[in-house]
Every structure is written in C-alpha cells, then in structure tokens.
> 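Supplied in structure tokens, the structure appears directly below.
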Amino acid sequence: MKTFAAIDVGSYELAMKVFEISAKNGIKEIDHIRHRIDLGSDTFANGKISNERIDELCRVLRDYGEIMKGYRVDSYKAYGTSAIRETDNTMIVLDQITQRTGITIEVLNNSEQRFLDYKSIASCGDAFNKIIEKGTAIVDIGGGSIQISLFDKDTLVTTQNMRMGVLRLQDQLGRLNIRPEQNESMLDEMISSQLAVFKKLYLKDRAIENIIVVDDYISSVVGKNVAGLEQTSVEAPAMERFLERIRAKSVQEVARILGMPEENVALLFISGMLINRIAKVMDAKLIWAPGVSLCDGMAYEYGEKNKLIKESHNFEQDIIACAQNISKRYMGSKRRGETLEKIALTIFDSMKKVHGLGKRERLLLRIATLLHDCGKYISLVNLGECSYNIIMSTEIIGLSLAEREIVANVVKYNHMDFAYYEAMGTNVAIGRKDYLTIAKLTAILKVANGLDRSHKQKFKNVRTMLRDEQLIITVDASIDITVEKGLFGRRAEFFEEVFSVRPVIRQKG
C-alpha cells in the first residue's frame with residue numbers, strides 16, 4: 001500500500017487530497033483539504049499573480065507540507081493549471097514557491113490537464129465505461145477555459161478547448177460596465193457565439209445523448225438532495241429548473257441552501273449556464289456529474305504507473321483515435337497511414353536493442369505515421385513546414401507540449417533534410433534527450449516512408465531482422481520494387497548515421 005498526496009493549484013482554489021492506494025483495495029481517499037485563493041482573476045486580468053497572492057499560496061503550501069508529513073506520504077504530485085500557466089512570469093513564480101515551501105509545482109499544458117480530468121472520470125470504473133457506449137460529451141469546466149470531448153461508441157472522436165472558463169467569463173462580464181440584470185443575457189450571448197462555431201465544425205449529424213460534467217461548482221451540488229439536483233445523474237431539463245430556482249433567490253439564500261461561500265454563487269451560476277446551453281445545443285438527454293477532480297486523476301495515474309491498479313480504460317487508444325481524426329480532418333490517406341504505421345512499428349520493434357526507446361516513444365511514432373501527410377492540405381511544396389505548423393497548432397489530448405514538439409519535428413523532417421541540434425535549437429527549446437528521440441524516430445519514419453514511395457502499399461507483408469550491422473527488410477518476391485530501391489539510398493544513409501545499422505531490402509525467393 002502507498003500513501004499519495006495530490007495537490008491542485010487551481011485558478012480559484014488550492015486543493016489537496018490524500019489517498020491510500022493498494023492493489024487489494026484500489027484508490028481510497030482519506031482526506032480532502034481546500035483553500036479558496038483567487039489566482040485566476042490576477043492572471044486573466046493583469047497577466048501576473050500579485051505578491052500578496054503568492055505569499056498566501058506559499059503559506060498554505062507550507063501547511064499542506066506539514067499535513068503530508070503527518071500522513072507520512074510516500075509520494076506527492078503538485079500541478080498548476082491555467083492561472084499559473086498563463087502568467088507572464090511562470091518560471092519566476094515556480095522557483096519562488098519551491099524555494100519558500102520545498103514543494104515543486106509542475107505546470108500542466110491544457111491537453112495534459114484535461115487528460116488527467118478524463119482519467120479521474122475513468123476512475124469511476126463501470127459507470128464511465130457504460131455511459132460512453134452511447135454518444136457522450138465530457139464537458140470539463142475550468143477557470144480559464146472549457147474542454148469539450150466527444151465520444152462515439154467508446155471512442156474519443158474529437159476534443160476542443162474554448163477560452164470561456166467561469167473566472168474568465170466573470171472577468172469579461174465585469175469589464176462590460178452593464179447593469180446586473182443584463183448579466184445573464186450578455187453571458188448567454190458570449191457562450192452561444194462560441195458554441196455555434198463548435199456545433200458547425202464538430203457536431204453536424206452526431207447524436208450526443210449524455211453529458212459528463214467535471215467542474216468545481218455544479219459537481220459539488222448534485223447528489224446532495226438540494227435544489228432539484230438529487231442525484232449525480234439527472235435529466236437535462238433538471239439543470240434549467242435548477243438555474244430558475246437559484247435565479248429567484250438572493251446570493252445569501254443560495255449560499256445558505258447549498259452550503260457554499262457567497263463568492264462562489266456567481267461562479268456556480270455561470271457553470272450551470274454553460275452546462276445548460278451545451279445540453280441544448282447537443283440536444284442531450286442526461287447530465288452526469290460524478291464529483292471527481294484533477295486530484296482523483298493524479299491518484300489514478302500514480303496507481304497506474306506504480307502497477308497498484310489495473311487500467312480500466314484504454315487511454316492510449318483514445319490518443320490514437322484523436323490523431324486519426326486530425327488526419328481525417330486534413331484529408332490524410334487512411335490506407336497509407338495504416339501501411340506506414342505497420343512498417344514503422346515493425347522496424348521500431350526490431351531495433352529495440354539499438355535505439356533504447358520505450359513504449360511512450362513507440363506511441364509518438366504511431367502518431368507521426370498517422371499525421372505524416374497532414375500538411376498536404378495546405379501545400380504540396382512546403383509539406384514539412386505545413387505539417388509541423390498543423391500539429392503544433394492542434395491539440396492532441398494526453399500529449400505534453402514537448403511530446404507534440406517531437407511528433408511535429410519527426411513529421412517535418414520526414415519530408416525535409418534533417419536539421420542538426422545547433423540549427424534546430426535556435427528555433428525551439430528542445431533538450432538533448434528529446435532531440436535524440438526526434439533523430440531516431442525520424443530515421444525510422446524516413447525508411448518506412450521510403451518503402452512506400454509509390455503510395456501503392458506494396459510492403460504490407462514486410463518482415464525485418466537485425467543481423468550484425470544490417471537491418472534486413474524482407475518483402476514478397478512477386479512485387480516490383482524498382483521505384484523503392486532506386487529512391488531508398490538517402491533515407492538508408494540517415495538511418496545508418498543515427499543507428500550505425502544499414503537497412504537493406506531483400507526479396508524472398
């Protein structure tokens with residue numbers, strides 16, 4: 001059994017959950033400490049967190065450190081989200097916190113944060129797996145933005161971020177200089193305009209029956225037998241009735257009835273408006289708020305990595321599905337992507353002793369094969385640069401920014417001459433380890449691509465074997481591979497430069 005602490009440095013709250021995690025009993029929450037601290041308003045309004053807020057944050061984190069000592073935690077993770085991510089001086093703030101508290105905070109990019117929230121829902125087990133059998137949207141509401149992820153028959157089909165989190169919307173309302181009675185209509189207008197674009201681009205004929213909500217306000221109310229939200233899952237019209245009930249009462253009354261601070265009531269209403277409007281746009285029937293948070297996702301990931309719990313859902317397949325849908329959006333060839341993926345992974349698996357890469361890098365190679373030609377959508381001439389820009393501008397849920405940079409560069413240099421470290425480093429902040437990963441994956445993809453230069457999927461039954469200082473690539477004798485052999489040289493040279501192994505094509509028989 002392990003004791004694990006998860007700290008979420010959010011936009012409007014600093015939360016810590018302490019868990020006991022074991023193979024026998026799974027994940028068990030043993031404490032939940034919360035402290036309201038409005039970091040987001042500073043960041044979204046001024047671009048920086050004030051010194052007063054940093055002092056308060058450090059003081060509370062020191063208290064959390066003492067609580068962790070009391071529980072004798074084996075390990076902890078502390079993550080910052082949009083309030084810290086969007087400050088102008090993120091690195092300075094993080095260093096101050098570490099020096100003053102001894103707690104190291106890592107900043108999640110948006111796709112990493114949403115992926116952890118998504119894992120927190122998956123920690124609910126069978127209930128989650130059952131609900132996504134039908135068309136489902138996960139609506140993840142944060143302080144700075146919301147994320148809408150669409151599922152169709154267990155498969156993640158798209159995920160999109162919109163900058164209309166509850167604190168950001170509250171801040172925008174405050175700047176409009178309007179009468180209080182106009183707030184709701186203005187809010188509805190701001191929400192509806194962005195959702196109309198989302199509907200046009202991503203919903204089309206897709207049927208969404210269920211909405212799963214992850215937030216800090218509505219989720220804290222459902223299931224508590226108050227104000228008409230008696231269960232964790234309710235029929236969609238119940239949300240509208242709930243909003244009507246709290247609209248008719250004063251802030252003080254709502255705070256007393258729901259047992260929450262008065263300053264949270266406005267944010268609760270904004271969150272409810274978002275969910276209600278999304279449910280109407282999607283014509284959803286059911287809203288489920290399981291009451292989980294980022295901390296639950298952090299505990300799930302810790303248990304997963306330390307083999308204390310079994311994965312209840314195939315998250316890697318969701319990342320692949322996301323890449324497949326991006327490829328489809330940019331008119332990528334599905335058949336060629338699948339052929340390239342098969343060849344590249346065959347080479348990767350044959351070269352394990354040489355390249356020293358692991359399961360995660362294999363996943364990045366798979367994504368690169370699926371997105372290998374996405375830049376053709378923009379230009380057939382500047383294919384490498386256009387592919388790089390598309391991948392860097394498109395969110396792939398579950399990948400860190402560094403991992404997306406690796407994929408984007410691998411795809412780019414599949415089509416261009418490879419740029420060595422000094423040249424590449426002037427454009428992007430790539431460390432030595434990531435640079436070597438890019439070089440190795442690019443070498444593999446170049447060879448795989450070279451084996452299908454005619455785009456006729458001739459190498460479906462390719463076999464590879466590492467022998468001495470050669471990678472023997474064996475193909476069917478009946479296939480005419482004159483084109484592939486003739487254009488293979490330069491790609492083979494780069495592969496040999498990276499691995500000191502020469503790829504050689506042989507036809508059996």
Side-chain angles (χ1 to χ4, degrees), residues 9-14 35-57 80-90 92-93 107 109-110 113-114 139-148 160-199 213-218 220 239-240 243-244 246-252 254-255 258 260-278 280-281 395:
V9 185
S11 298
Y12 35 73
E13 187 176 83
L14 181 58
H35 177 84
R36 180 176 169 83
I37 177 168
D38 191 353
L39 303 176
S41 293
D42 279 358
T43 296
F44 305 142
N46 310 313
K48 288 184 181 178
I49 300 172
S50 67
N51 289 333
E52 291 77 20
R53 291 271 197 276
I54 297 233
D55 289 343
E56 184 183 356
L57 176 59
T81 54
S82 57
I84 290 183
R85 184 168 65 233
E86 295 184 31
T87 57
D88 296 334
N89 59 343
T90 301
I92 293 170
V93 168
V107 178
N109 72 13
N110 183 67
Q113 176 189 343
R114 306 307 180 170
V139 180
D140 185 355
I141 302 173
S145 63
I146 70 168
Q147 189 87 10
I148 301 179
Q160 294 297 319
N161 186 255
M162 285 170 271
R163 291 167 76 86
M164 50 180 188
V166 288
L167 272 181
R168 199 184 297 274
L169 286 172
Q170 187 184 50
D171 180 59
Q172 289 170 352
L173 280 175
R175 295 180 185 205
L176 292 177
N177 197 23
I178 54 175
R179 298 188 306 276
E181 58 269 25
Q182 292 179 282
N183 278 353
E184 192 173 335
S185 61
M186 290 295 102
L187 185 61
D188 191 56
E189 195 173 315
M190 287 153 66
I191 294 169
S192 299
S193 60
Q194 290 202 49
L195 287 178
V197 176
F198 178 84
K199 182 179 181 179
V213 177
V214 180
D215 82 326
D216 287 330
Y217 297 104
I218 292 296
S220 68
M239 185 58 65
E240 191 157 16
L243 291 173
E244 286 171 5
I246 63 172
R247 190 187 290 118
K249 299 184 186 327
S250 69
V251 170
Q252 292 78 13
V254 174
L258 301 181
M260 63 168 49
E262 289 180 17
E263 60 265 31
N264 286 11
V265 172
L267 298 175
L268 169 85
F269 191 76
I270 293 172
S271 195
M273 285 272 294
L274 277 165
I275 297 163
N276 189 48
R277 177 54 60 192
I278 290 166
K280 284 187 172 180
V281 165
E395 191 162 73

> Write down the atom of Ile37, the atom of Leu57, and the distance for their closest heavy-atom approach.
CD1-N, 3.7 Å
> Can you tell me how far the CE atom of Met273 sits from the CD1 atom of Ile191, to the nearest 0.5 Å?
5.0 Å
> Mind checking what makes salt bridge (charged side-chain N to carboxylate O under 4.0 Å, His left out) contact with Asp55, not counting sequence neighbours?
Arg100
> Does the side chain of Leu167 reach to within under 4.5 Å of the side chain of Thr43, using non-hydrogen atoms?
no
> Closer than 3.5 angstrom, by distance alone: can the side chain of Thr87 be matched with the main-chain N or O of Ile84 as a donor-acceptor pair?
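Yes.
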> Checking Glu263 now: which residues fulfil side-chain hydrogen bond (donor to acceptor under 3.5 Å, both in side chains) with it, not counting sequence neighbours?
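If we apply the side-chain hydrogen bond (donor to acceptor under 3.5 Å, both in side chains) test to Glu263, skipping adjacent residues, there are no hits.
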> Taking only residues two or more places apart in sequence, or in another chain, which ones meet Ala255 in a side chain to side chain contact (heavy atoms under 4.5 Å, CB included)?
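For Ala255, the residues satisfying side chain to side chain contact (heavy atoms under 4.5 Å, CB included) (neighbours in sequence not counted) are Glu262, Val265.
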> Could you tell me whether a side-chain N or O of Arg53 sits under 3.5 Å from a main-chain N or O of Asp42, the two making a donor and an acceptor?
no
> Identify, with sequence neighbours excluded, every residue that meets salt bridge (charged side-chain N to carboxylate O under 4.0 Å, His left out) alongside Arg163.
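Once residues adjacent in sequence are excluded, the partners of Arg163 under the salt bridge (charged side-chain N to carboxylate O under 4.0 Å, His left out) criterion are Glu86.
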> Nearest 0.5 angstrom please: Arg168 CZ to Met190 CE, how far?
10.5 Å
> Which distance, rounded to the nearest 0.5 Å, do you find between the CD1 of Ile146 and the CE of Met164?
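CE of Met164 is found 3.5 Å from CD1 of Ile146.
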> Got a sec, which residues hit salt bridge (charged side-chain N to carboxylate O under 4.0 Å, His left out) with Glu13, two or more places apart in sequence or on another chain?
Arg34
> Can you list everything that forms a side-chain hydrogen bond (donor to acceptor under 3.5 Å, both in side chains) with Ser82? Sequence neighbours excluded, please.
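With neighbours one apart ignored, the set is Ser11.
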> Of all heavy-atom pairs between Arg175 and Ala45, which one has the smallest distance, and what is that distance?
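Nearest pair, atom of Arg175 first, then Ala45: NH2-CA, 3.3 Å.
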> Quick one: side chain to side chain contact (heavy atoms under 4.5 Å, CB included) partners of Gln160, sequence neighbours excluded?
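Applying side chain to side chain contact (heavy atoms under 4.5 Å, CB included) to Gln160 gives Thr158, Phe198, Tyr202, Arg329.
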> Ile92: which residues meet the side chain to side chain contact (heavy atoms under 4.5 Å, CB included) condition with it, sequence neighbours left out?
Asn89, Gln96
> Taking only residues two or more places apart in sequence or in another chain, which ones pass side-chain hydrogen bond (donor to acceptor under 3.5 Å, both in side chains) with Asn109?
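Asn109 satisfies side-chain hydrogen bond (donor to acceptor under 3.5 Å, both in side chains) with Ser111 only.
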> Measure the spacing between CG of Leu169 and CE of Met186 and express it to the nearest 0.5 Å.
13.0 Å
> List the residues meeting ring pair (Phe, Tyr, Trp, His ring centres under 6.0 Å) with Phe44, not counting sequence neighbours, and say none if there are none.
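Phe44 satisfies ring pair (Phe, Tyr, Trp, His ring centres under 6.0 Å) with no other residue.
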> Apply side chain to side chain contact (heavy atoms under 4.5 Å, CB included) to the pair Ile141 and Ile270, showing each step before the final yes or no.
CA-CA 10 Å; Ile141 302 173; Ile270 293 172; over 6 Å; no
> Would you compute the distance between atom CD of Glu395 and atom CD of Gln147 and round it to the nearest 0.5 angstrom?
4.5 Å
> According to salt bridge (charged side-chain N to carboxylate O under 4.0 Å, His left out), who are the partners of Asp215, at least two apart in sequence or on a separate chain?
none
> Which residues pass the side-chain hydrogen bond (donor to acceptor under 3.5 Å, both in side chains) test with Lys280, not counting sequence neighbours?
Glu240
> Give, for atom CE of Met162 and atom CD of Gln194, the distance between the pair rounded to the nearest 0.5 Å.
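Rounded to the nearest 0.5 Å, the CE-CD separation comes out at 6.5 Å.
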